[in-house]
Amino acid sequence: MLDIRLLREQPDFVKTRLQSRGASFDATVDEVLACDSGRRAAETRLQTLQAERNKLSREIGRLRAQKQDTAEIEAQVKSKAAEMQALAEESSAFEARQRDLLLTLPNLPQSTVPEGREAADNPVVRVWGEKPALENPQDHLAIAGRLKLLDFDRGAKISGSAFVCYTGQGARLERALVNFLLDLHTREHGYTEVLPPFVVKLESLIGTAQLPKFADQQYRCADDDLYLIPTAEVPVTNLHREEILPLSALPIKYAAYTPCFRREAGSAGLGTRGLIRMHQFDKVELVKVCTPENSAAELESLTADAEKVLQILGLHYRVVELCTGDLGFGSARTYDIEVWSPGQQAYLEVSSCSNFEDFQARRMNLRFKGEDGKNRFCHTLNGSGTALARLYVALLETGLQPDGTIVLPPALHDYFGATKIS
RNA sequence: GGUGAGGUGGCUGAGUGGUCGAAAGCAGCGCUUUGCUAAAGCGCCGUACCCCCAAAAGGGUACCGAGGGUUCGAAUCCCUCCCUCACCGCCA
């Protein structure tokens with residue numbers, strides 16, 4: 001959520017930055033400002049009346065103690081009741097409308113974010129490793145089918161399309177990856193492991209900005225009004241919602257494994273064969289809460305922590321920076337890490353590392369106490385460290401041997417319990 | 001799910017209709033005194049918003065789990081909900 005003061009003081013700046021995303025939000029900004037001034041006018045008048053009422057009420061108390069008649073003053077107070085009621089309703093209506101509108105405004109891209117309209121405009125920031133030289137690259141579907149690692153048919157039978165069942169060595173590899181990732185980030189990179197609930201309340205989704213805009217992407221348990229998490233970002237970032245953290249607690253760094261549930265409404269059939277886009281997938285997520293002064297540096301180290309995964313596994317990847325038109329709703333700056341898929345001859349996004357600045361913190365009222373004792377909004381960041389399904393694809397396709405077996409990177413041998421899949 | 005108890009400021013904890021944003025204690029900050037690694041005295045010490053304003057200061061409103069209601073006036077009375085604890089029931 002954007003700062004109402006910023007909108008008030010620099011509306012044109014806000015409009016211009018929002019326009020860089022490729023759409024105009026001028027009308028929304030203008031309506032927010034209209035609500036803001038309407039609210040304040042009503043509030044000022046209301047508070048004046050309340051002050052009068054309080055004064056007279058105290059007077060009544062005093063007079064009654066002296067056994068004096070107060071009927072006249074009581075009538076005076078009563079005569080204002082209707083106006084006060086109306087003003088209170090007016091004020092809260094403006095406030096609610098203003099909040100609803102603010103929740104639909106995306107974050108402002110940082111000034112350094114490259115201008116662009118779509119994913120094709122994202123500049124490549126760096127490349128690590130090289131495309132492996134494979135004689136007969138194969139698609140992960142072919143590999144997994146032959147080695148009986150994944151059962152898509154039965155996944156669809158029990159849960160519907162875009163659900164998969166990992167089987168045998170396939171299931172074991174997934175578990176090995178989860179353990180490897182959590183150990184790496186907690187032991188080497190200083191993150192604290194958390195295992196959060198997999199369903200959350202509406203407020204949590206609003207807090208991290210999945211709602212209200214992306215309501216059609218969420219699985220919802222209607223009877224209990226709970227939502228399946230689309231990413232661990234939601235429960236983990238919301239852990240400290242409505243808290244005021246001591247400065248000494250920052251930065252907070254969490255690593256969490258969770259399954260992620262996404263309806264993916266409207267994206268069926270679009271380069272989505274196999275594991276690439278599922279309704280349920282595993283992910284290890286990295287979340288940081290820090291001070292505004294440190295968030296830029298924390299984004300760099302967060303991205304480096306995620307990249308380390310691919311480096312250790314020896315997987316070729318590149319890092320792109322999202323341009324203004326491709327930037328996520330709540331993000332002020334984002335790096336995507338894309339791993340090379342020999343089977344698809346394409347880069348697959350395995351991590352998206354974003355700095356939300358105070359956008360999420362405002363929504364969830366997450367603050368810290370500054371050195372001067374003043375409460376300030378935290379900055380929040382997150383990035384996948386990494387998504388498992390696409391990492392899995394890259395591992396199978398990159399490790400493919402001429403004899404059809406899969407050689408695994410040394411870092412996974414102990415976790416997996418073998419050096420290769422055959 | 002049932003019954004009972006309870007949710008007050010960073011913490012402990014008073015407060016059952018009027019001068020309570022809320023006693024007292026602890027913690028914290030500042031000053032003073034004595035001195036020695038502590039003690040005593042005094043003062044300050046919640047949050048959000050509105051008005052004023054260059055800013056500071058100042059004035060005001062709201063907040064005692066959340067939301068409604070009664071009343072001239074609610075931390076205090078009534079209703080609904082949430083959460084915590086205890087016991088019971090059910091259950092991986």
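Every chain is numbered from 1, with letters handed out A, B, ... down the list of sequences. None of these values were measured; they are calculated from a predicted model.
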Q: Tell me the partner of B/C90, counting only Watson-Crick (N1-N3 plus N6-O4 or O6-N4) or G-U wobble (N1-O2 and O6-N3) with both under 3.5 Å; none if nothing fits.
A: none
Q | Separation of B/G65 P from A/R241 CZ (nearest whole Å) | A | 20 Å
**Q.** P atoms of B/C81 and B/A86, separation to the nearest Å
**A.** 23 Å
Q. Once you round it to whole Å, what is the distance between P of B/G10 and CG of A/N375?
A. 10 Å
(Q) Using the P atom as the point on both nucleotides, what is the distance between B/U34 and B/G28, in whole Å? (A) 23 Å
Q: Determine the interatomic distance between P on B/G17 and the same-named atom on B/A75; round to the nearest Å.
A: 13 Å
Q. CZ of A/R58 versus C1' of B/G60: gap in Å, rounded?
A. 11 Å
Q | Pair A/Y166 + A/Y392: ring centers closer than 6.0 Å | A | yes
Q: Please indicate whether A/D30 has more than 12 foreign heavy atoms, meaning atoms of other residues, nucleotides or ligands, lying under 6.0 Å from its CG.
A: yes
Q) When rounded to the nearest Å, what value does the distance between C1' atoms of B/C44 and B/A38 take? A) 23 Å
Q | Which residue lies more 5' along RNA chain B, comparing A/R39 with A/E59 via nearest heavy atoms | A | A/E59
(Q) Could you identify the nucleotide paired to B/A27, looking across every strand shown and requiring Watson-Crick or G-U wobble geometry with both distances under 3.5 Å? (A) none
Q | First encountered from the 5' end of RNA chain B, between A/G373 and A/R40 | A | A/G373
(Q) Expressed as a whole number of angstroms, how long is the span from A/E89:CD to B/G68:P? (A) 11 Å
Q) What is the base-pairing partner of B/U37, counting Watson-Crick and G-U wobble geometry with both distances under 3.5 Å? A) none
Q: Let me know the distance between CG of A/L87 and P of B/A62, rounded to the nearest Å.
A: 14 Å
Q: Kindly point out which of B/C72, B/U47, B/G60 is positioned nearest to the side chain of A/A51?
A: B/G60
Q: Give the nucleotide from the list B/C50, B/C72, B/U19 with an atom nearest to the side chain of A/S57.
A: B/C72
Q.
Roughly how many Å apart are B/U80 and B/A27, using the C1' atom of each and rounding to a whole number?
A. 38 Å
Q | Cation-pi geometry met for A/K213 and A/F329 (6.0 Å, 45°) | A | no
Q | Nearest-Å distance for atom pair NZ/P, residues A/K80 and B/G73 | A | 15 Å
**Q.** Inter-nucleotide C1' distance (B/G9, B/U3), Å rounded
**A.** 33 Å
Q: Answer yes or no: does a side-chain N or O of A/N54 lie under 4.0 Å from OP1 or OP2 of B/A62?
A: yes
**Q.** Touch class at under 4.0 angstrom, heavy-atom based, for A/R367 against every strand present
**A.** sugar-phosphate
Q.
Let's see if you can work this out: which of B/A62, B/C72, B/C50 has an atom nearest to the side-chain heavy atoms of A/E74?
A. B/C72
Q.
Using a heavy-atom cut-off of 4.0 Å across all strands, would you classify A/R64 as base, sugar-phosphate, or nothing?
A. base
**Q.** Rounded interatomic separation in angstrom, taking CD from A/E242 and P from B/A48
**A.** 14 Å
Q.
Looking at A/E72, I want to see if its CD is surrounded by more than 12 non-hydrogen atoms of other residues, nucleotides or ligands under 6.0 Å.
A. no
Q | Watson-Crick or G-U wobble partner of B/C85, both distances under 3.5 Å | A | B/G4
**Q.** Under 3.5 Å: donor-acceptor pair, side chain of A/K288, backbone of A/E298
**A.** yes
Q) Touch check for A/I60, heavy atoms < 4.0 angstrom, all strands: base, sugar-phosphate only, or nothing? A) base
Q) Which nucleotide in the set B/U47, B/C50, B/G73 lies at the smallest distance from any side-chain heavy atom of A/E43? A) B/C50
Q) Which value, in whole Å, describes the distance between the P atoms of nucleotides B/G73 and B/G21? A) 15 Å
Q. How long is the line joining CG of A/L46 and C1' of B/A62, in whole Å?
A. 10 Å
Q.
If you compare every side-chain N and O of A/R62 against the phosphate oxygens of B/C72 (OP1, OP2), does one of them come in below 4.0 Å?
A. no
**Q.** Who pairs with B/A62 - Watson-Crick or G-U, where each distance is under 3.5 Å
**A.** B/U47
(Q) Between B/G10 and B/G46, how many Å separate the two C1' atoms, rounded to a whole number? (A) 9 Å
**Q.** Passing option when A/L245 is tested against A/N375, A/T291, A/V289 for side-chain contact (heavy atoms from CB on, under 4.5 Å)
**A.** A/V289
(Q) Between A/K80 and A/E52 (side chain of the first, backbone of the second, donor and acceptor by atom type, cut-off under 3.5 Å), is there such a pair? (A) no
Q: Write down the partner of B/A56 under the Watson-Crick or G-U wobble criteria, each distance required to be under 3.5 Å.
A: none
